[in-house]
Amino acid sequence: MTAGVETREFQAEARQLLHLMIHSVYSNTDIFLRELISNASDALDRLRFEAIAHPELIQEGAELQIVIERDEKARTLTVRDNGIGMSRDEVINLIGTIAKSGTKEFLARLREAKNADMPPELIGQFGVGFYSTFMAADRVVMVTRRAGESTATKWESLGEGSYTLEEVERPEQGTTITLHLKPLDEEDAHDVDYTKEWKIREIVKKYSDFVAYPIRMDIERTEYERDAEGKIVEGGKQEIKIETQTLNSMKAIWLRDEKEVSEEEYQEFYKHISHDWSAPLATISAAIEGTLMYRLLLFIPSKKPLDLFMREGSRGVQLYVKRVFIMDDCEALLPEYLRFIKGVVDSEDLSLNISREILQQNRQIERMRRGLVGKVLDALKRMRNQEDEKYRTFWGEFGRVLKEGAFQDRERQKELLDLFLFQSTNSDSELTSLNEYVTRMREGQEAIYYMTGESRKAVEDSPHLEAFRAKGYEVLILADPVDEVWTQSVFEFEGKKFQSIGAGGVELGSEEERKQEEETRKQKQETHASLLECIKNNLDEYVKEVRLSSRLTTSAACLVGDKGDMSPQLEQLLRAANQEVPTTKRILELNPSHPLLDKLQAIYDASREDPRLGDYAQLIYGQAVLAEGNQPPNPAAFSKLVSKVMVEAL
């Protein structure tokens, strides 16, 4: 029984994606077959998983497989599986819609590449591998039936603005995708005929040899009549026979001895599970034996995925139990700060019926998690110590994520801090580790000085750095948003405390120098005590204290926080996350050597009621806020005040 044909429009983003894929230059269209085989393998994995609880989903004696069919005359290529299949609603949601918040960025990247060779790593990162079929075909027909349902859905499209849906019959669950290939361009020597047996063999061997299910194809062979000696009889009978052959080896790569697997095989397996067409930076393979037995094959990517900082981004690794696929993105096996790691973990000891909920409280999983984290951090240490350039590549891509571990994983905090790299006032380009910083610390220096900010330039322009520059102290520049968070949880390294140069007092130089400077500052503080109190009264809404500074050499003023106070950048981050944050009053520090202080003192001495004192207090505060890269509380009022003072001065 069939129902009528329904025509539906692609979602806007899907339409744009199809257009860009079809019209972009792409040097390796082989990707479409690799993606279809990968999708079929995923569908078979999901069927096996659901069949653990519902064994009736797999018919007795039925072999799970992927079948490729080709027709040179009709120029069609078909990929068929007997996996989980899709319902009508799933077809609409998964094929007609791209329901990912990162789609706009993905499309922007594709648009940038439309007049150049499209970067292959873009395909697959957002589950859009199916759309790559339209690079090779001008019409695609899919018939799919969800396991456990009685009817199938036929989907068909020319890759333009719409597609059709129709209820049809399919004898078994699974999916059949038929590509009506584009005509061959005989004048283009690089045009590939995807109906040729050799080409399909080549693609499967290169990209899908390790797929755990047989990939089969019917092969035509001509048998010739032979004599008693086995020689072909000239003019003898010829018989065409059809032979079904398995094109892949089906060996689980993580079960093979590491010495028997080539780097190319590891790279292709990584691309298969990650949908990333760039080679990984490092491969981690291990067999853990003892009271808990499991194997792991993990990869450190060379490029961050587009969804790395998205809530719905992929997390964790694939979990297998006794070679049976259990789940993708097993979050329980790796902490969030290692979410960029891809790979497979295969356990001999877990139950096949284990669920995500049970995983969170399973002691074996916790032990496996510790083992995996240890292996990854060991690999990163080796990379840092032995392959400096490669490690700096890793840090540029994933350093922001690894820093999250400093406050998420207190147990391994020291290990993680050893891996961190920082910008520093010591160099314009070279990154430094904390160990390197400590070895360069000046005699008598007790703290690791750092400053957070929106960018390196914002930090370098800050008045807080003036005294440190003048006295030759190195300051770490922390310009990632996550730096505002982890620095609240890390208090020391190798016995040296962390100190923000934007908070608390500053004590630089030798003990004798500090004593002399503090004595001079106190004398001036007493001299200007009444003026400072006047300024504080005029800024009572914004500041908790006005004092003379020991950190300023050229700027007139700056704002600092008390120890333990939240930085203004952290306040902004929390508010951006829709969290209620009370405004923290800060300390206004004035430069005791700046001529502005003496000018203000003269006005104050002449008349303590002079209205200009209030205006100048607001200007000094606004100037200090601007120096941090922030806006004064009332920008319009501040602008009018600047104009007023300029007129008076002129």
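Between the side chains of Asp193 and Thr195, at least one donor N or O lies within less than 3.5 Å of an accepting N or O. At a cut-off of 3.5 Å, with distance as the only test, no side-chain donor of Ser208 or Asn248 sits close to an acceptor on the other residue. Residues Glu243 and Gln245 bring a donor and an acceptor atom of their side chains to less than 3.5 Å of each other. If you check the side chains of Tyr270 and Thr283, you find no donor sitting under 3.5 Å from an acceptor. Asp45 and Tyr213 share a side-chain donor-acceptor pair at under 3.5 Å. A donor-acceptor pair shorter than 3.5 Å can be found between the side chains of Thr178 and Thr78. Side-chain contact check for Asp209 and Ser249: at least one donor-acceptor pair (N or O, by modelled atom type) lies under 3.5 Å.
Salt bridge status for Arg145 with Glu172: absent, with no side-chain N to carboxylate O gap under 4.0 Å. Classification of Glu167 and Lys154 as a salt-bridged pair fails, no side-chain N sitting under 4.0 Å from a carboxylate O. A salt bridge does not link Arg146 to Glu149: none of the charged nitrogens lies less than 4.0 Å from a carboxylate oxygen.
Separation of the Phe340 and Phe394 ring centroids falls under the 6.0 Å cut-off. A distance below 6.0 Å separates the ring centres of Tyr194 and Phe32.
Side chains of Arg88 and Leu165 form a contact here, defined as non-hydrogen atoms less than 4.5 Å apart. Side-chain contact between Trp155 and Thr144 is absent, with no heavy atoms from C-beta onward closer than 4.5 Å.
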**Study point:** Glu197 and Arg221: CA distance, side-chain angles, deciding distance, salt bridge (Lys or Arg N to Asp or Glu O under 4.0 Å) verdict
**Key:** CA-CA 12 Å; Glu197 176 194 330; Arg221 290 288 178 263; 3.2 Å; yes

